[in-house]
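In this text, all values refer to a predicted model and were calculated from it rather than measured experimentally. Any value given below was found using the heavy atoms of this structure, including those in side chains, with hydrogens, waters and symmetry copies removed.
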Amino acid sequence: MDFRTVTFATLAAAALAGSAWADDEPLRKSLRAYFTAEDPGERKALEAGIHGAAAGSVGAVLEALSELQLWSAVAEEVETFAVDVGGGLRTDLRVTLPRGYDPAVRYPLVLVLSDSPGRHDAFDGDWFDSLRAEFVVAEVRGGACLGFNAPRQSADAPRAWLRALRRRYHLDSDRVYAYGSGVGGDAAFAMAVSHGDTLAGVVVREGTLIVPVPREMHPILLENLRGTPLHLVWTRPELPPKTLLRGRAVRVAIMNQWITETAERASLPITRSVLPATAIATPDAWDQVLRSRRRAASSVLHWFRYPEQGRAGFLRVDRLAEPVWEGDQLEILTAPGKDRSEFATRTLRAKLGYLSGRIDGQSVDIESARCDSVGIELEWGAVNFTNAVHIRYNGKRRFEGKLSPTMETVLLSAEENWEFQHPACVRLHIGRRGPARTY
């Protein structure tokens with residue numbers, strides 16, 4: 001089920017039957033004032049005006065948000081700016097806009113993680129130029145902060161990049177794609193498995209997923225991609241004496257062959273293009289990936305290392321049990337006579353955090369591992385808010401009753417993430433004990 005298919009008009013009527021729809025212009029004016037205010041206290045003071053302009057209708061606010069115009073014209077079609085990603089780290093983003101960029105139009109985004117920022121091979125350079133007819137292209141200069149063994153302080157960098165880009169340009173959050181080539185391809189793959197819920201699709205050229213104990217780790221982490229199409233492109237090594245590839249290129253080819261075979265067995269949306277050594281990649285092979293749209297799935301599954309990576313659709317970890325796996329070395333010793341692969345898989349699962357959830361009608365079932373507490377963020381339409389909702393967490397009933405969407409939650413969610421297409425309207429927190437509580 002894709003709960004975004006329910007129309008705002010229908011949902012608004014269900015949420016507040018009989019309420020009068022407010023005059024559209026005063027509501028949009030109030031919302032613009034709210035989102036352009038820098039001070040949290042000022043935004044809080046503006047909430048009453050929004051409530052009045054919307055005649056108390058959360059649905060009216062949601063519809064107005066989806067059409068809100070907050071962006072200005074940009075003088076330069078190419079510009080570079082820095083993003084604070086936390087932990088004292090900053091990343092430069094070089095953005096190339098479509099020719100004739102119109103801030104009133106919502107554009108798809110390609111986030112580029114390249115081998116050598118600013119120095120592209122001929123293929124990447126030509127392809128990026130061709131994208132300008134339709135896409136905003138943002139090159140990350142500092143994508144090395146992505147990777148399984150990257151420091152924890154950079155673990156949430158992709159969400160910081162996307163929020164900064166959404167604030168600056170009018171983007172379609174349902175059409176955000178990641179592309180990487182070479183070492184940048186490794187980074188794009190890492191972003192896909194750690195922050196796949198932000199992406200509609202990923203293309204990795206001559207890159208792979210680099211993790212410790214790959215034969216056991218890959219089947220675990222690849223499950224995170226069940227809702228994110230990914231296309232792998234790599235060059236096939238030739239048999240001697242025609243061998244043209246050396247070192248990394250051979251390792252990437254071998255690893256990607258294993259990854260795609262694993263994906264096929266698990267029915268994951270991973271496709272491939274395997275090229276002869278003298279062939280050149282063609283964008284037609286992954287055109288379908290860049291036409292896909294991100295969907296709010298009713299079921300999610302996510303394995304993660306750091307709490308900053310613990311988000312998947314409508315679920316997130318609020319607090320991960322200690323100790324957090326931060327070391328960059330891992331040694332797994334198996335007792336004689338034991339199945340090494342099975343033991344390694346159990347060891348890895350025990351070190352990772354885990355979230356899974358499913359929305360089935362009015363029932364929400366959640367499972368987690370190594371999570372002291374989790375959060376639930378429900379969009380309008382995720383459930384029928386006029387009827388009782390049943391929430392089970394790790395096999396125990398933790399909530400039963402009606403949930404009330406609030407305007408305050410919608411506004412806070414939209415401002416925090418600069419996400420106006422799908423803000424949360426209900427947030428809940430579930431700890432180790434006690435009932436789930438809204439906040």
Side-chain angles (χ1 to χ4, degrees), residues 2-38 42-44 46-74 95 97-98 100-109 134-136 162-177 198 200 291-296 314 377-382 385 405-427:
D2 181 359
F3 53 71
R4 288 178 182 166
T5 59
V6 186
T7 65
F8 277 123
T10 301
L11 294 167
L16 230 142
S19 67
W21 286 86
D23 186 328
D24 190 52
E25 187 52 38
L27 175 55
R28 294 187 186 184
K29 183 178 180 179
S30 296
L31 288 171
R32 280 194 293 271
Y34 179 93
F35 289 105
T36 54
E38 295 294 333
E42 184 180 353
R43 288 197 296 272
K44 184 67 178 177
L46 290 167
E47 287 180 11
I50 295 172
H51 194 280
S57 171
V58 176
V61 171
L62 286 166
E63 186 160 355
L65 281 178
S66 70
E67 300 173 353
L68 196 61
Q69 173 58 38
L70 293 170
W71 298 268
S72 304
V74 180
V95 180
L97 299 175
Y101 170 78
D102 181 353
V105 175
R106 189 183 287 158
Y107 289 87
L109 168 72
E134 180 181 357
F135 296 85
V136 172
L162 293 176
R163 186 178 189 276
L165 288 164
R166 286 195 295 262
R167 287 187 68 96
R168 204 173 184 96
Y169 312 106
H170 196 176
L171 301 176
D172 186 345
S173 61
D174 287 337
R175 292 194 64 198
V176 175
Y177 311 94
T198 65
R291 299 298 164 193
S292 59
R293 296 187 67 85
R294 182 175 64 114
R295 300 197 313 160
F314 60 90
E377 297 188 349
L378 299 177
E379 290 184 32
W380 193 291
F385 291 112
T406 67
M407 198 170 299
E408 180 183 23
T409 299
V410 170
L411 294 172
L412 286 173
S413 174
E415 199 282 327
E416 285 176 9
N417 302 299
W418 215 251
E419 164 60 87
F420 305 110
Q421 292 171 245
H422 311 289
C425 63
V426 170
R427 287 174 164 175

Taking the side chain as every heavy atom from C-beta outward, state whether L65 and F35 have any atom pair closer than 4.5 Å. yes
Passing option when D172 is tested against Q421, R106, R294 for side-chain hydrogen bond (donor to acceptor under 3.5 Å, both in side chains): Q421
For a quick test of reading the model, state the closest non-hydrogen atom pair linking A73 to P103 and the distance between them. N-CG, 3.8 Å
Answer yes or no: is there a donor N or O on one side and an acceptor on the other, between the side chain of R293 and the main chain of D174, under 3.5 Å? no
Using atom types as modelled and distance alone, determine if a side-chain donor or acceptor of S66 lies under 3.5 Å from a backbone N or O of E63. yes
Please list, chain by chain and in numerical order, all residues satisfying side-chain hydrogen bond (donor to acceptor under 3.5 Å, both in side chains) with S292, sequence neighbours excluded. none
So do V58 and T409 actually touch side chain to side chain, heavy atoms under 4.5 Å? no
Find out whether V176 and T198 are in side-chain contact, i.e. whether some heavy atom of one side chain is under 4.5 Å from a heavy atom of the other. no
Classify the ring geometry between W380 and F385 as parallel (under 30°), tilted (30 to 60°) or perpendicular (over 60°). perpendicular
Does any non-hydrogen side-chain atom of E47 lie less than 4.5 Å from one of Y34? yes
Test of understanding: with salt bridge (charged side-chain N to carboxylate O under 4.0 Å, His left out), list the residues that count as partners of E42, not counting sequence neighbours. none
Which value, rounded to the nearest 0.5 Å, describes the distance between I50 atom CD1 and L411 atom CG? 4.5 Å
Is there a donor-acceptor pair under 3.5 Å between the side chain of S413 and the backbone N or O of A424? yes
Within-4.5 Å side-chain heavy-atom neighbours: R166 and F420: no
Could you tell me whether the side chain of V136 reaches within less than 4.5 Å of the side chain of V95, counting heavy atoms only? yes
Check for a donor-acceptor pair, side chain of E67 on one end and backbone N or O of Q69 on the other, with a separation under 3.5 Å. no
Side-chain contact, heavy-atom cut-off 4.5 Å: L62 with P423? yes
What's the separation between atom CZ in R168 and atom OG in S72, rounded to the nearest 0.5 Å? 11.0 Å
A54 to V61 - nearest heavy-atom pair and separation: CB-CG2, 3.7 Å
Which distance, rounded to the nearest 0.5 Å, do you find between the CZ of R32 and the CG of L27? 9.5 Å
Does E25 pair with R28 as a salt bridge, N-O distance under 4.0 Å? no
Decide yes or no for C425 and T406: does some side-chain heavy atom of the first lie under 4.5 Å from some side-chain heavy atom of the second? no
So, taking the atom named CD in E379 and the one named NE2 in H422, what distance separates them when rounded to the nearest 0.5 Å? 6.0 Å
Does E416 pair with R163 as a salt bridge, N-O distance under 4.0 Å? no
Is there a side chain to side chain contact (heavy atoms under 4.5 Å, CB included) between Y107 and D102? Walk through the geometry before answering. CA-CA 9 Å; Y107 289 87; D102 181 353; 3.7 Å; yes
Using side chain to side chain contact (heavy atoms under 4.5 Å, CB included), reason through Y169 and L109 one step at a time and then give a plain yes or no. CA-CA 10 Å; Y169 312 106; L109 168 72; over 6 Å; no
